[in-house]
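The structure appears below as structure tokens.
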Amino acid sequence: MPPLPTVLLYGIPYVNAAPDALYEHLRASLLAPTSAPTVIFTPNASIAAAAKQDASLTALLCRATLCLPDGIGILAAARRRGTPIRYRLPGIETGEQVLRLAAAYTLPVFFLGAAPGVARRAAARWKQQLPSLPIAGTHHGYFTQSGEQNERILSRIRDSGARIVLVCLGFPAQERWIDQNAPLLPGVQMLLGLGGSFDVWSGEKRRAPTLFRRLHTEWLWRMLCDPTKICRLPAMISFVWHAKDEKRAKSAVKIP
Ligand code: UDP
């Protein structure tokens, strides 16, 4: 399977492909599994800004099979830097496509994360929409991510026969959990870090209305719904704004 094209932004290779090309790639990955699972992370500008300040987070994101540009902030930074990324590939929509593939090819899915009851309700809603979707199991995301508790969850996932694991623990917990535990789940072909997706799928939170999505301001909607996220705004703005400086710095190096 040919790799998807990527654009490197602050050391992270973001997929630069249309949603249809991505979904076809995911379908092919699920139908022809390799020895290593497909790991999908979905950084938005707030995550990318944190990674820009911390090399270990950049290295963590780089260990994914695919990093998807989740949000207009990544596209804006890439454009300012002079290396445009054409398509926004939201994690939540990618998760939905993966669930449709799982239903079509009867691949059991485990939902891990969010507050108690939320993953179960999200899975139940999907089962209503896609009756052929095999739900391998669900578990909330408030557990100690090492030691005995984590071991118990790993055993549950292994015993469930899950082929796909959706992980919603927030950044960077979900990326760390996937990075550390994917090798311990030999039957699992694909793991995705999906932030707050279970909250939306369960009906706990509302996804941004169409107008916000059309204007590419889902990030603003999330901040309006959860004002604690407003503190992320300066780092996001600085991340996008300073992308141009990086372009200037790069071209300045080239001139003798
Ligand atoms: N969460 C969790 N365990 C934790 C902390 C958070 O399962 O220890 C869940 C939380 O309930 C929410 C998701 O992780 O469902 C994070 O969603 P959010 O949209 O806040 O993601 P972020 O923007 O932080 O990546």
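Whatever order the structure lists ligands and atoms in, that order sets their numbers, starting from 1.
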I need the contact type for C168 against ligand 1. Using non-hydrogen atoms and a strict under-4.0 Å cut-off, is it side chain, backbone, both or neither? backbone
Answer yes or no: is there an ion pair linking R176 with D179, defined by an N-O contact shorter than 4.0 Å? no
In terms of heavy-atom contacts, does CZ of R121 have more than 12 from other residues, nucleotides or ligands at under 6.0 Å? yes
Please list the nearest protein heavy atom to atom 7 (O) of ligand 1 with its residue and the distance rounded to 0.1 Å. A114 N, 2.8 Å
W201-E96 side chain donor-acceptor pair, cut-off 3.5 Å: yes
Ligand 1 to G170 polar contact by distance, N or O atoms, under 3.5 Å: yes
Starting from atom 12 (C) of ligand 1, what is the nearest protein heavy atom, named by residue and atom, and what distance separates them? D199 OD2, 3.3 Å
Under 3.5 Å between any N/O of G113 and any N/O of ligand 1: does that happen in this structure? no
Side-chain contact, heavy-atom cut-off 4.5 Å: L192 with T42? no
Give me the nearest non-hydrogen protein atom to atom 25 (O) of ligand 1 as residue plus atom name, then the distance to 0.1 Å. F171 N, 3.4 Å
Taking only heavy atoms of A115 into account, list the atoms of ligand 1 that are under 4.0 Å away from them. 11 (O)
Charged N to carboxylate O below 4.0 Å: is that the case for E93 and R207? yes
So, R156 side chain and T138 main chain: donor-acceptor pair closer than 3.5 Å or not? yes
Options R222, K229, R232, ranked by nearest heavy atom to atom 18 (P) of ligand 1, top entry: K229
Nearest non-hydrogen protein atom to atom 13 (C) of ligand 1, with distance, is G195 O, 3.5 Å
For a quick test of reading the model, state the closest non-hydrogen atom pair linking A235 to A49 and the distance between them. O-CB, 3.6 Å
Would you say that L107 contacts L101 through its side chain, given a criterion of any heavy-atom pair below 4.5 Å between the two side chains? no
Just distances here: any N/O of Y142 and N/O of ligand 1 closer than 3.5 Å? yes
Which residue supplies the protein heavy atom nearest to atom 3 (N) of ligand 1, what is that atom called, and how far is it? G141 O, 2.8 Å
